[in-house]
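Throughout, a chain's letter reflects where its sequence line sits, starting with A, and its residues are numbered from 1. Values in this document were obtained by computation on a predicted structure and should not be read as measured data.
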Number of protein chains: 2
Amino acid sequence: MTPKKPKSENSIVDVAKALGISPATVSRALNNNSRISEATRTRVKEKAAEMGYRHNSMASSLRNRRSNTIGLIVPRISMYFHAFFITSLQRQLQTAGYNLMICQSNDSVDVEKELANTLYSARVDALVVSLALYTEHIGHFDGFLRQGIPLVFYDRVPTLRTQAYVIKGDDYRGGLLAGNHLIQAGCKRVAYISGPLSCSIYQERTRGFIDSLTKYGVPFREEWTYYHELTVENAWSSLRRLFAGDVIPDGLFAANDTTAIAAVAFARERGIRIPEDLKIIGYSNDPRTAIITPAITSIEQYPNEMADKVAETLINALQHRGPSSSIVVGEPLVCPVDLVRRMTT
Amino acid sequence: MTPKKPKSENSIVDVAKALGISPATVSRALNNNSRISEATRTRVKEKAAEMGYRHNSMASSLRNRRSNTIGLIVPRISMYFHAFFITSLQRQLQTAGYNLMICQSNDSVDVEKELANTLYSARVDALVVSLALYTEHIGHFDGFLRQGIPLVFYDRVPTLRTQAYVIKGDDYRGGLLAGNHLIQAGCKRVAYISGPLSCSIYQERTRGFIDSLTKYGVPFREEWTYYHELTVENAWSSLRRLFAGDVIPDGLFAANDTTAIAAVAFARERGIRIPEDLKIIGYSNDPRTAIITPAITSIEQYPNEMADKVAETLINALQHRGPSSSIVVGEPLVCPVDLVRRMTT
DNA sequence: TTGTAGGCGTTATCAT
DNA sequence: ATGATAACGCCTACAA
C-alpha cells in the first residue's frame, strides 16, 4: 500500500453523467425514494455498483444535519459491566441504523470533558454517558441540552439534578440486599470497602448498606469503612488495616467485584476461612466471581436490560416520539438488581 | 429534555457577521493560522465562545476530504486481549488527534462486511481490523486498498496474501512454547483444543504445537485434538470426550484461556489432580488465569505493545511518511510472546 | 493581514 | 417521474 493521495472518488454526479440523467434522480434511486421508476432505480444501482460508487456520509450528514452517529463515553471498556452493556447497546443501535462512537474517559474528568467537546463537534445525534469516578459538575454536557441533543446518563449518573435522561441500577437496593444478606448469614462485625462518594453508585450502595445495618441494629463502623478507588492495590492496603487489630470483621461488603476477589486472595494468604471466619459479598456479578475458589456472592446488575432501556430511550428521543417513551426527563429510571448467592456467604 | 427540533447553530458566518469581518478570517483565526493578527485571533475566539460557536466537523471533513476518524473492527470487546488493545490504541490515536470508531463484528462474517461498508461510507481515514473467526475471504476490504486508505490487520489476520499492513502475535512460537513446556514438564500424552483453522492465530498455534511435539518425538494424536469455537460449552463437551477412554491425557494445550479455565473446573469436578495428573496451559494470559485456583500457565501476548505498533503504523501511513515506518506492506510484523508459568504445569 | 468566491457531495424544494 | 437549483458549513486558492 504505497501512500498515495486520496484519489477522488465517483460521486452521484459522476454516476448521473455516466447515465445521462440528473444527480437528483441518482440520489433518489439510491435512497429508494418511492417516486422513481423501477427501471431507473435498477439502472442507477447497477451503474453505481459498476463504477464503485460509495455513499458519502459526510456530505449526507452535512446536508441532513444529522450524523446517524451516537456518542458513548464510558469509564473503561474493560469493566465487565460496561463491556456487556456496550455490546448490547451497539447491536440495537446498529439495527436502528445508527453508529456508535465508543470513547473511554479512563475515569479522568479532563478526558471526559475533551471527549464531550469532540463528540459535540462531531455532531453526534445523541450522547450516552457513564461518568468518571470523580465527575461532580456536569457543565461540559450543557451544550447538548441547550441544543436539544438527547443526552442519556446511565449507571454512574449525576448526583445533581439534570435535564437529561437518567437510567440507573438500583444501587440503593443493592446495598440493602448486601447488608441484609450478610446479617442474615450471621455477621455481627461488618466492614465495608466502597468507591468514592463523588460517584452516584457508591453513594447509593452506601446508603442502602447503612440502612440495612441500622434496621438490624448492627453497628456501621466508620473505622471499618474505606472510600477509595476500587483497585487491587487499594483493596489490599485496606484489608491489611482491617485485619490488623484485635477485633476483626466477620463480614465484608465490597462495592465492586475486583475488591471482593482481592479479599478472597487476602483471606487465603492470611489463612482466614471463608465463609466460616469471614463472609464476603461483591458487586456486579463479574464472571470472575463465579470461577474463583470460593465463588463469590455478588449483586447482578443486568447490563443487557439496562442497554435495552437506553436504546429504547434513545430511539424514542431521536424519532421525536416524545411522551410515548417510558423514560422521561427528570425522573431517573431505576433498573432492578438481584443477589446471586455463592460460596463466600 | 423536550424533543425540540435541532435549532440551527451559529456558524463561522454568523460569527463573522457579528464582528463585521469575513468568514475566512474567522476560519483562519479559529484554526490558529499564522497569517492572522494576534488581536483579531483573540477577538474572534472570544466572540465565538460568547456565541456558543462549535466547530462542525461534518462540514470540515467534507471540505478537507478527511474525517480524522479511524475505524476499528474487532470480534468482541469483551475479550481481554482486545479490550486492552483498544484502550491503548485509543489513547494514542486521541493524542494524535484522531477519533476511533470502535465496532464489533461479534465474530460474524456478515456483520463484519456490513461494518466495513459503513465505515467506508463514513470515510474513515484508516481502518484497523481483527477478523471474525470464520472470515476467509477479505474482499469486503478491497475498497480501502483501492482508495489507498490505510488498512491494518492485527492479531487475527488474513491467511491469504494481502496488500494491507499486517501486525500479528508470534502465534507459531506461542504454540511451540506451549508444546515444549508441557513436554519438559513431563507430559507424554498431550491433548489439544484449538479454535477453527479458518483463523490465522489457530493455524499458527497449531503448527507451532505440532512442530514441538514432533521435535520431541511425542505423538500428536488426531483423536485428542479438537477444532471448534472456544466457548465454555464446547470446552466441556470436548473434555468429556477426552477423558472418556481408558488412556487419558496428562497434558492439555488450550488455545485460549476460557478453555483452560473450563479445563480446570472440569478437572476439579472429576477429581483429576492438577498438575500431578494433568498439566494445562492456556493462551492470552487473561487476568482470570491468575486468580483461579490453581493459577493457570499461559502465553502472554502483550496487547499494549501490539497497539503501539498499530498506532505507529497508522500515524506513519496517515502522514505519508511512507518508508520511514518500520512496518511495510507485504511483510507481516510479528510481535513477541512469552510463556507465563503458574501452577497448572 | 484580510477579503472574495467557489466547491467538497448530497438532498430538499420547486418546477416541469 | 425527473430535472434544475440551492444550500448544509467550512476551507483555501487567489486577489487585494
Side-chain angles (χ1 to χ4, degrees), chain A residues 5-45 47-48 51-69 97 120-125 147, chain B residues 5-45 47-48 51-69 118 120-125 147:
Chain A
K5 66 181 162 205
K7 183 179 83 183
S8 80
E9 281 187 59
N10 286 325
S11 70
I12 51 173
V13 178
D14 299 313
V15 177
K17 271 184 200 142
L19 287 169
I21 59 176
S22 93
T25 306
V26 174
S27 173
R28 285 192 273 249
L30 293 172
N31 289 315
N32 293 317
N33 186 305
S34 53
R35 305 176 318 184
I36 219 86
S37 77
E38 197 51 56
T40 310
R41 191 199 316 284
T42 317
R43 224 156 50 94
V44 167
K45 287 195 174 172
K47 194 64 171 181
M51 296 176 69
Y53 166 82
R54 300 272 196 148
H55 181 253
N56 184 325
S57 24
M58 277 158 18
S60 178
S61 295
L62 177 60
R63 177 64 233 240
N64 294 325
R65 292 140 151 264
R66 53 205 300 269
S67 61
N68 281 308
T69 295
Y120 188 102
S121 289
R123 296 297 197 275
V124 291
D125 292 344
Q147 294 301 330
Chain B
K5 66 180 160 205
K7 183 178 84 183
S8 79
E9 279 189 63
N10 287 324
S11 72
I12 52 173
V13 178
D14 299 311
V15 177
K17 270 185 200 145
L19 287 168
I21 61 177
S22 91
T25 307
V26 174
S27 171
R28 286 192 271 248
L30 292 173
N31 290 316
N32 293 318
N33 186 305
S34 54
R35 306 174 317 183
I36 220 85
S37 77
E38 197 52 56
T40 312
R41 192 199 315 284
T42 317
R43 226 158 48 94
V44 167
K45 286 196 174 171
K47 195 62 171 183
M51 294 176 67
Y53 167 81
R54 300 272 195 150
H55 179 79
N56 184 326
S57 25
M58 278 157 18
S60 176
S61 297
L62 177 59
R63 173 63 231 242
N64 293 325
R65 291 141 151 269
R66 54 204 299 270
S67 61
N68 281 305
T69 296
T118 304
Y120 189 104
S121 289
R123 295 302 197 272
V124 291
D125 293 344
Q147 294 301 328

Asks: Please report the distance, rounded to the nearest Å, between CZ in B:Arg35 and P in D:dA15.
Replies: 14 Å
Asks: Using atom types as modelled and distance alone, determine if a side-chain donor or acceptor of A:Asn56 lies under 3.5 Å from a backbone N or O of A:Met58.
Replies: yes
Asks: Looking across every strand, which nucleic acid part, if any, lies under 4.0 Å from B:Ser61 by heavy atom: base, sugar-phosphate, or nothing?
Replies: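 Nothing, no heavy atom under 4.0 Å.
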Asks: Whole angstroms only, please: what is the CZ-P distance between A:Arg28 and D:dA1?
Replies: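 Distance check: A:Arg28 CZ to D:dA1 P gives 11 Å.
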Asks: Compare the minimum distances between each of C:dT10, D:dT2, C:dG3 and the side chain of B:Ala24, then state the nucleotide with the smallest one.
Replies: C:dG3
Asks: Does a side-chain N or O from A:Ser11 land closer than 4.0 Å to OP1 or OP2 of C:dC8, or not?
Replies: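 Looking at the OP1 and OP2 atoms of C:dC8, neither is under 4.0 Å from any side-chain N or O of A:Ser11.
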Asks: At less than 3.5 Å, do the side-chain atoms of B:Arg65 and the base atoms of C:dG9 form a donor-acceptor pair?
Replies: no
Asks: Any salt bridge between B:Glu9 and A:Arg65, counting N to O under 4.0 Å?
Replies: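 Salt bridge absent between B:Glu9 and A:Arg65.
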Asks: Just checking B:Thr40: base, sugar-phosphate only, or nothing, at a heavy-atom cut-off of under 4.0 Å?
Replies: sugar-phosphate
Asks: When the distance from CG of B:Asp14 to P of D:dG9 is rounded to whole Å, what number comes out?
Replies: 8 Å
Asks: What bend angle does the helix from C:dT1-D:dA16 to C:dT16-D:dA1 show across its length, from five-pair end axes and to the nearest 10 degrees?
Replies: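 The two end axes of the helix from C:dT1-D:dA16 to C:dT16-D:dA1 meet at 30°.
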Asks: Is it true that a side-chain atom of A:Ser57 and a backbone atom of A:Ser60 form a donor plus acceptor pair closer than 3.5 Å?
Replies: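 Not at all, since once roles are kept as given, no pair shorter than 3.5 Å links the two residues.
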Asks: Send over the distance from A:Leu30 CG to C:dT11 P, rounded to a whole Å.
Replies: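 A:Leu30 atom CG is separated from C:dT11 atom P by 8 Å.
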Asks: Is any N or O donor-acceptor pair between the side chain of A:Arg63 and the base of C:dT10 shorter than 3.5 Å?
Replies: no
Asks: Ignoring hydrogens and geometry, is there a side-chain-to-backbone donor-acceptor pair from A:Asp125 to A:Asn68 under 3.5 Å?
Replies: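 Yes.
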Asks: Looking at B:Ser60, I'd like to know whether one of its side-chain N or O atoms comes within less than 4.0 Å of OP1 or OP2 on D:dG9.
Replies: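 Looking at the OP1 and OP2 atoms of D:dG9, neither is under 4.0 Å from any side-chain N or O of B:Ser60.
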Asks: Would you say A:Ser22 places a side-chain N or O within less than 4.0 Å of OP1 or OP2 belonging to D:dG3?
Replies: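 For A:Ser22, the contact criterion (side-chain N or O under 4.0 Å from OP1 or OP2 of D:dG3) is met.
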Asks: Can you tell me how far C1' of C:dT10 sits from CE of A:Met58, to the nearest Å?
Replies: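 Rounding to the nearest Å, CE of A:Met58 and C1' of C:dT10 are 11 Å apart.
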Asks: Can you measure A:Ile36 atom CD1 to D:dT2 atom P for me and round it to whole angstrom units?
Replies: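 Checked: the CD1 to P distance equals 5 Å.
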Asks: Measuring to OP1 and OP2 of C:dT11, would you say a side-chain N or O of A:Ser27 lies under 4.0 angstrom away?
Replies: yes
Asks: Within the distance-only criterion (no hydrogens, no angle test), does the side chain of A:Thr25 pair as donor or acceptor with the backbone N or O of A:Pro23 below 3.5 angstrom?
Replies: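 A pair under 3.5 Å: no.
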Asks: According to salt bridge (Lys or Arg N to Asp or Glu O under 4.0 Å), does anything in residues 20-42 of chain A pair up with another residue at least two apart or in another chain? List the pairs.
Replies: A:Glu38-A:Arg41
Asks: Tell me whether A:Asp14 contacts the main-chain N or O of A:Ser11 through its side chain, where contact means a donor paired with an acceptor under 3.5 Å.
Replies: yes
Asks: Using modelled atom types only, decide if a donor and an acceptor are shared between the side chain of B:Asn33 and the backbone of B:Ala29 within a distance under 3.5 Å.
Replies: no
Asks: Round to a whole Å and report the spacing from CG of B:Asn64 to P of D:dC10.
Replies: 12 Å
Asks: Mapping A:His55 and B:Arg41 to their closest nucleotides on DNA chain C, which lands nearer the 5' end?
Replies: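 The answer here is B:Arg41.
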Asks: Quick one: which of C:dT11, D:dT12, C:dT1 gets closest to the side chain of A:Ile12?
Replies: C:dT11
Asks: Need one value for A:Leu62: base, sugar-phosphate or nothing, where a base atom within 4.0 Å counts as base even if backbone is also close, heavy atoms only.
Replies: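 The residue A:Leu62 makes base contact.
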Asks: Within this structure, what is the CD1-to-C1' distance between B:Ile21 and C:dT4, rounded to whole angstrom?
Replies: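 After rounding, the reported distance stands at 14 Å.
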